[in-house]
Amino acid sequence: ETAAGQRFTARLVRVGEEDLKQGQLRGADAGERARALAAELDGAPARVTAVETRPKPVHPKPPFITSTLQQTAFNRLGFTAQRTMKVAQQLYEGVQGVGLITYMRTDSPRLAGEAIGEMRRWLERSLGPEYVPESPRQFRGKKGAQDAHEAIRPTAAERTPDSVRGLLSEEQFKLYDLIWKRAVASQAASAEYLATTVEIESGRLGLRATGRVLRFAGFQKLYGLDEDDEENGSSLPELSAGMPLTVARDPVTADVTPVRPEQHFTQPPPRYTEASLVKALEEQDIGRPSTYATIVGTITSREYVARDKGRLTPTELGLAVSRCLVASFPDVFDVKFTSGMEDELDEVEEGRREWHRVVRDLWEP
C-alpha cells in the first residue's frame, strides 16, 4: 500500500538476477522457496522503480451472428440455445405487425449500409458526436461463411429497447435489449484506456502490478464490459517512481500477512457449457447457424449428456453410443466430416468434382 493507504496487488516477477517465467517458481522445492520469499518480502520496505503508461483502445465486437448470440445469451442471461432461438423467432416475427430484428439464422456479421447510417445518426443524436467514429465500421465473416443474410440487428435503430418494452414479455425484452445494444455499439467509437505497468523493488525482489484507467467509455457506455474482458477489474492508484510502499496490513488482523505463496496445478480443460459447445461447433465447422440449437437440444433430450451446474457431462448412454458409432463409422463420426463434406460440395458447385463420385464415396462404405 502507499503512504496514503491506497492498496493494490502486485506479483513477484524477479528474484535477484533471475526472471520468473510467468511469475512462477518451478521445481521440487518451489513451495519451500515460495514460503521463504514470502517471509522475506513481508518485513521488507519497497519502492516504485518505474511507472509506464500507454494508451490502449478497446474496439467493439461485431453485431451478433447466430453462434455469438447463443453464447452471449447463455453467459449474460442464462438462456439455453433453444430458448434463445425461440425468443429470437418471436422478435423476428414481430409484435403488433412489426418485426423487431432481422433474420436470426446467419453466419455473417455484415450490416446493410442504411442500418449503419441509422445507427451512426442515433449515436450522434443520443450520446454525442464524440461517440461516432470517423468512418463506419465494416465486419467480415470468417472463411467458409455462407453470407446469405446480414447480421442480427434491430430492424430500426430508433426502436430502442425502452420504447418497445411495454409490448414485450420479460424474456423478449432481455434478448431484444442485448441484440439492439450489441448492434448499435458495434458502430460506436472505441473505448480508451490508459494501461499502466508498475515495477516495484523490495531488496533483491522485483514485483510488477498492471492495471488500467478508463479515459473514454466509447461503445462500453452502451454495451458495458465484455465477459471475456480479462482486465476489467484491475485498477491502480496514482503512483510515481521513487514512491515508498509497504506490505498492507489488515487493521483488525495485523499479524496476518497478505503475502500469498499460491500453488497452481495444470488443470484439464473444463466441461463444455452450452455457450462453449456452440463456440466449438462453429470453430470446427460442425453444423450451421440453423442447427446449433438443435444439436445441443438433441444430445440433452436423448440423455446423451446431463446438465451439471451449467456444464454438459456425458452420461453412460452417451459414452456407449459414442464408442459404438465411432468404431462402426469412423469416417462419418469424425470432427472434420462436416467441413470436409462442405468443401466437396463447393467443389461440385464449381465444377471441379463430379457429384456421382462424391455420393458414391459417402454411401458405399
So CG of Asn75 and CD of Glu274: to nearest 0.5 Å the spacing works out to 11.0 Å
**Request:** Check the pair Leu222, Val184 against side chain to side chain contact (heavy atoms under 4.5 Å, CB included), reporting the backbone distance first and the verdict last.
**Result:** CA-CA 8 Å; Leu222 201 59; Val184 177; 3.5 Å; yes
request  = Answer yes when Arg7 and Glu1 have at least one side-chain N-carboxylate O distance shorter than 4.0 Å, and no when they do not.
outcome  = yes
message = Strictly below 4.0 Å, N to O, side chains only: are Lys142 and Glu282 in salt-bridge contact?
response = no
Return yes if some donor-acceptor pair links the side-chain N/O of Ser67 with the main-chain N/O of Lys279 below 3.5 Å, else return no.
no
Handout entry: Criterion side-chain hydrogen bond (donor to acceptor under 3.5 Å, both in side chains) on Gln138 and Arg140, from CA distance to verdict
Key = CA-CA 7 Å; Gln138 303 288 350; Arg140 288 199 183 134; over 6 Å; no
Carefully, step by step, assess Gln89 and Met104 under the rule side chain to side chain contact (heavy atoms under 4.5 Å, CB included). CA-CA 7 Å; Gln89 180 76 37; Met104 63 285 156; 2.7 Å; yes
All heavy atoms of Pro55 vs all of Leu194, minimum pair found to be N-CD1, 4.0 Å
Taken to the nearest 0.5 Å, the spacing of Thr160 OG1 from Trp180 CH2 works out to 6.0 Å
Are Glu192 and Arg215 within salt-bridge range, i.e. N to O under 4.0 Å?
no
Side-chain ion pair, Arg153 and Glu150, N-O less than 4.0 Å
yes
message = Using the rule given for side chain to side chain contact (heavy atoms under 4.5 Å, CB included), can you reason through Arg14 versus Arg208, listing the C-alpha separation, both sets of side-chain angles and the distance that settles it, and then say yes or no?
response = CA-CA 9 Å; Arg14 182 175 50 78; Arg208 182 175 299 142; over 6 Å; no
Problem set entry | salt bridge (Lys or Arg N to Asp or Glu O under 4.0 Å) between Glu40 and Arg35, intermediate numbers included | CA-CA 9 Å; Glu40 183 179 332; Arg35 285 187 286 275; over 6 Å; no
N/O donor-acceptor pair under 3.5 Å between Ser276 side chain and Tyr272 backbone: no
Tested for side-chain contact (heavy atoms from CB on, under 4.5 Å) against Leu111, the lone hit among Glu118, Arg137, Met119 is Met119
Tyr223 six-ring face occupied by Arg76 cation (under 6.0 Å, within 45°): yes
Is the shortest side-chain heavy-atom distance between Glu17 and Arg204 below 4.5 Å? no
Requested in this report: For salt bridge (Lys or Arg N to Asp or Glu O under 4.0 Å), just list the numbers for Glu18 and Arg33, CA-CA rounded to whole Å, side-chain angles, deciding distance to a tenth of an Å, and then say yes or no.
Outcome: CA-CA 13 Å; Glu18 177 196 1; Arg33 287 179 64 205; 3.4 Å; yes
Where does the angle between the aromatic ring planes of Phe216 and Tyr131 fall among parallel (under 30°), tilted (30 to 60°) and perpendicular (over 60°)? tilted
Anything under 30° is parallel, anything over 60° is perpendicular, the rest tilted; go ahead and classify His149 against Tyr103.
-> tilted
